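Computed from a prediction, not measured in an experiment: that's the story for all the values here. In each ligand, atom 1 is the first atom listed, and ligand 1 is the first ligand listed.
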Amino acid sequence: MNKAMILVVEDDSSVRNLITTTLKTHDYKYITAENGKNAIMEASSYNPDIVLLDLGLPDIDGVEVIHRIRAWSNMPIIVISARSEDSDKIQALDAGADDYLTKPFEIIELLARVETVLRRYHKTEQILTEGDLVIDTASHTVKKNGEPVGLTKKEYELLLLFVRNKNIALYRETIYERIWGGEYMGDSRTVDLHVQRMRRKVGWEDKIVTVYKVGYRLEG
Ligand code: CA
């Protein structure tokens, strides 16, 4: 499950650096936000695999950030907070957090929680059905009306990205960064070619639509 994308929300730069250095060492990709407003923005534009969320943020309270993300997404959220009262913990879990880690925390504990949440999250969605496709995320196979569809690794990852973000317009930049991993240098041709080839292979020319000046959207 390495290469998962993790959003680190933390206003204290020393804690933030500790977390990102750890993630980097373990091959996770990450993005950061130092306040609640940016956290919500980054969560919606990058759709990370996990959010690591501090509760004491300078603008919006972390619990409110959970509420706002939960309004449209079930992405896993792990709270990392200095607030150790049971009531704080209950409030965060009630709002929809998946797990709660109290500061100061051990690095090894953080990594274990991340792995557990990733495993749990991906297990529950092992078989995805969308339209006439059945996607098995364990074996990476795609079937259309029972017949296997041959996709390259990138095409498969692209398909999964669309299915997990149904009805959301995905920016070419977001698609590029999620699938190819590097920084987007305006290389729209790579994205366009792969999306077009993938949607032709699965017969979704009408289902994955081009969004003017943005990118693409899977209509569900
Ligand atoms: Ca804080």
Side-chain angles (χ1 to χ4, degrees), residues 1-125 161 164-165 168 170-171 173-174 176-178 181-184:
M1 262 330 294
N2 286 358
K3 286 198 77 186
M5 162 81 86
I6 300 178
L7 169 59
V8 180
V9 186
E10 172 64 72
D11 57 317
D12 181 334
S13 61
S14 61
V15 179
R16 197 168 62 231
N17 290 340
L18 171 69
I19 296 174
T20 56
T21 305
T22 305
L23 294 176
K24 203 169 165 184
T25 316
H26 291 81
D27 290 335
Y28 289 106
K29 289 186 277 186
Y30 64 85
I31 39 176
T32 59
E34 64 295 329
N35 60 48
K37 199 164 155 268
N38 285 348
I40 293 161
M41 219 164 64
E42 302 278 34
S44 68
S45 44
Y46 289 93
N47 195 30
D49 297 298
I50 293 194
V51 182
L52 298 180
L53 178 69
D54 177 31
L55 291 186
L57 296 169
D59 55 348
I60 312 169
D61 189 79
V63 174
E64 178 59 24
V65 173
I66 302 172
H67 278 297
R68 295 207 197 160
I69 291 177
R70 280 290 171 265
W72 59 272
S73 171
N74 63 351
M75 66 178 65
I77 300 173
I78 301 177
V79 167
I80 302 177
S81 178
R83 299 180 196 165
S84 57
E85 297 291 318
D86 276 350
S87 59
D88 292 317
K89 197 170 168 176
I90 289 165
Q91 219 193 352
L93 294 172
D94 272 353
D98 295 86
D99 205 346
Y100 196 105
L101 199 55
T102 306
K103 288 179 191 169
F105 56 89
E106 299 277 346
I107 281 300
I108 193 163
E109 184 63 23
L110 170 69
L111 286 169
R113 302 285 181 104
V114 165
E115 277 162 26
T116 305
V117 166
L118 280 176
R119 235 184 348 256
R120 194 193 307 148
Y121 182 68
H122 286 278
K123 194 189 266 173
T124 56
E125 59 157 18
L161 182 67
R164 285 180 176 151
N165 295 281
I168 296 173
L170 296 174
Y171 281 86
E173 184 181 0
T174 308
Y176 188 88
E177 288 175 358
R178 290 305 307 265
E183 199 186 333
Y184 183 67

For this session: Would you mind reporting whether L118 and Y28 have side-chain heavy atoms less than 4.5 Å apart?
Result: yes

For this session: Would you give the length of the straight line joining atom CG of L23 to atom CD1 of I107, rounded to the nearest 0.5 angstrom?
Result: 8.0 Å

Problem set entry | Rounded distance [0.5 Å steps], CG in D12 versus CG in L57 | 11.0 Å

Problem set entry | Heteroatoms of the protein, restricted to N/O/S, which lie under 3.0 Å from the Ca ion (ligand 1) | D11 OD1, D54 OD2, G56 O

Exercise. Taking only residues two or more places apart in sequence, or in another chain, which ones meet K103 in a side chain to side chain donor-acceptor pair (under 3.5 Å)?
Worked result: E10, D54

For this session: Please confirm whether the backbone N or O of L161 pairs with a side-chain atom of N165, one donor and one acceptor, at under 3.5 Å?
Result: yes

For this session: Spell out, as yes or no, whether a donor-acceptor pair under 3.5 Å connects the side chain of R83 to the backbone of D88.
Result: no

